[in-house]
Amino acid sequence: MANVVDTKLYDILGVSPSASENELKKAHKSSPCLVRTLNRAYRKLAKEYHPDKNPDAGDKFKEISFAYEVLTNPEKKELYDRYGEQGLREGGGGGPGMDDIFSHIFGGGLFGFMGGQGRGRNGGRRRGDDMVHPLKVSLEDLYNGKTTKLQLSKNVLCGACNGQGGKAGAVQKCVACRGRGMRIMIRQLAPGMVQQMQSVCTDCNGEGEVINEKDRCRKCEGHKVCKETKLLEVHVDKGMRHGQKITFSGEADQAPGVEPGDIVLVLQEKEHEEFRRDGSDLHMVQRIGLVEALCGFQMTVTHLDGRQLLVKYPPGKVIEPGCIRMVKGEGMPQYRNPFEKGDLYIKFDVQFPENNWISPEKLNELECLLPARAENPVIAADAEEVDLTDFDRSQGSGGGARREAYNDSSDEEGGHHGPGVQCAHQ
């Protein structure tokens, strides 16, 4: 016998836990009405539980179908063999409409129907869905921390009827679906082969309960809940990050017999004009002139908390275009440890002066102050002289622009082809 922790599903199909997948399929097809005992004859069970003769046979068929589905699915079968009922619950073995099957087979369903109250894994109330909302925050908010108020609309139990939907005794179990909210239709396809279909009960709209029109609560109109505006005070702590969640436990929609879920706020950081965050560090780009890059500078940077940072760079130390310098301890504060901060990285963009900014005489004086030129290269005797021209980015760098310039200049007399290139005819 296989090492399994629970054999209830095997007992329903009347097979051994060590049975192969083919044996499971054979047991399901040949004995669709076999329920729990192996000592009763198949003919007697078929006659006793046939849907046409026994209205209660629907539950038996549901048990058989559920056991067949689990034990012929390798993944679900492995979960059930190793962990039993708990493995099916956590592994998704029970989907919509399967709550009563857990109740029939294992005693106490996933959302068992006990006086209209949903039950959870350990007999407690089932839990409702969480409400997830985005919360946009600026980089300043994440640096300094922020407290804000958020207004949300949610369902709460009706105070007039205490979540009953009507006066005492007005709520009745739906007769059509027997309080399950789902109808099971079974059709015999061939001897020993049936088809089971389920659909939402139209009489109760899947709620499993009905309330007479005259007995309904006037405030909630029988819905058991009303809309209410909730004002939440949200604390954004220093150092929080994009995508981090702030949870308000039990503040989601309320429903009868259901434990409210949570309201979850997901932080969405807005793009900043000057700073960019990278973990606990901050990055920025600072433009400086050529004189600052060569002769040193001092400047102020307005930080995210409004402080003015005085940044100095000594004369004689050159700032190269695109180089990065660091300011220690002026990055983002760490979450829940705001006194520890990352670093601020400044990338320098050196702006060079425009053309004709200095006279030729002064230019010679400047050259004497700058480091000496590199040695002049050796120029071959047959080298052709060309001119550098300004590049127009709108025309791109393809060959089309060059060909157009060549064609336009070819009509000129004397074979001169524009100022860019001097060509010689042979």
Side-chain angles (χ1 to χ4, degrees), residues 79 86-99 102 109-112 116-159 162-163 181 206-207 220 223-272 275-282 304 331-338 340-342:
L79 286 174
Q86 190 72 12
L88 292 180
R89 292 186 189 278
E90 298 182 355
M98 289 297 180
D99 305 333
F102 277 93
L110 186 63
F111 304 138
Q117 302 294 322
R119 301 292 170 180
R121 295 181 179 178
N122 300 321
R125 296 189 302 171
R126 69 180 177 95
R127 191 176 185 277
D129 295 333
D130 294 336
M131 298 173 61
V132 182
H133 297 275
L135 179 62
K136 292 187 177 181
V137 291
S138 65
L139 192 58
E140 286 87 351
D141 296 336
L142 299 176
Y143 185 91
N144 301 300
K146 180 182 179 180
T147 299
T148 184
K149 295 185 183 297
L150 184 65
Q151 183 173 301
L152 298 174
S153 178
K154 70 172 187 175
N155 293 330
V156 296
L157 294 179
C158 178
N162 294 323
E207 295 182 1
C220 65
H223 296 297
K224 304 179 182 180
V225 294
C226 301
K227 283 291 184 182
E228 181 183 86
T229 300
K230 180 72 174 181
L231 193 63
L232 299 177
E233 189 174 81
V234 183
H235 298 279
V236 179
D237 294 335
K238 295 181 180 182
M240 281 188 161
R241 298 171 181 253
H242 175 80
Q244 193 166 347
K245 298 177 180 179
I246 301 176
T247 303
F248 293 85
S249 301
E251 291 290 348
D253 287 336
Q254 298 179 5
V258 177
E259 180 183 353
D262 302 333
I263 291 180
V264 181
L265 303 180
V266 183
L267 300 181
Q268 292 186 349
E269 178 185 327
K270 295 184 289 186
E271 186 175 353
H272 197 272
F275 294 98
R276 178 180 61 84
R277 182 179 184 179
D278 182 13
S280 296
D281 298 325
L282 287 174
L304 294 170
M332 291 293 295
Q334 295 184 10
Y335 178 55
R336 292 183 177 176
N337 189 18
E340 292 292 332
K341 297 181 180 180

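- With contacts defined as side-chain heavy-atom distances shorter than 4.5 Å, the pair Ile246/Leu267 qualifies.
- Counting only heavy atoms from C-beta outward, the side chains of Gln268 and His242 approach each other to under 4.5 Å.
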Passes side-chain contact (heavy atoms from CB on, under 4.5 Å), His272 versus Glu140? Steps please.
CA-CA 9 Å; His272 197 272; Glu140 286 87 351; 2.8 Å; yes
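- Counting heavy atoms from C-beta on, the side chains of Asp141 and Lys270 never come closer than 4.5 Å.
- Remark: Ser153 OG to Lys230 NZ distance equals 12.5 Å, nearest 0.5 Å.
- In this structure, the separation between CG on Leu150 and CG on Leu265 is 6.0 Å, given to the nearest 0.5 Å.
- Counting only heavy atoms from C-beta outward, the side chains of Leu282 and Met332 approach each other to under 4.5 Å.
- If you take CE on Met240 and NZ on Lys245, they are separated by 13.0 Å, rounding to the nearest 0.5 Å.
- Annotation: side chain of Val156 is in contact with side chain of Lys154 (closest heavy-atom distance under 4.5 Å).
- A donor-acceptor contact shorter than 3.5 Å links the side chain of Arg277 to the backbone of Gly279.
- Residues Asn155 and Lys227 form a side-chain contact, since some pair of their non-hydrogen atoms from C-beta on lies under 4.5 Å apart.
- Atom-to-atom distance recorded for Leu152:CG and Leu232:CG is 5.0 Å, nearest 0.5 angstrom.
- Contact detail for Pro260 and Gly250: the closest heavy-atom pair is CB-O, 3.7 Å.
- Residues Pro333 and Asn144 are not in side-chain contact: their nearest non-hydrogen atoms beyond the backbone lie 4.5 Å or more apart.
- In terms of heavy atoms, Val266 sits closest to Gly243 at CG1-O, 3.9 Å.
- One finds the CG atom of Asp237 at 13.5 Å from the NZ atom of Lys146 (value rounded to the nearest 0.5 Å).
- The closest donor-acceptor contact from the side chain of Gln254 to the backbone of Leu157 lies under 3.5 Å.
- We find the CD-OG1 distance between Gln151 and Thr229 to be 5.0 Å, quoted to the nearest 0.5 Å.
- A donor-acceptor pair is defined here as one N or O able to donate and one able to accept, closer than 3.5 Å; such a pair exists between the side chain of Asp130 and the backbone of Asp262.
- Side-chain contact between Lys341 and Tyr143 is present, with heavy atoms from C-beta onward closer than 4.5 Å.
- Of all the heavy atoms in Pro338 and Lys238, the pair that sits closest is CB-CD, 4.0 Å.
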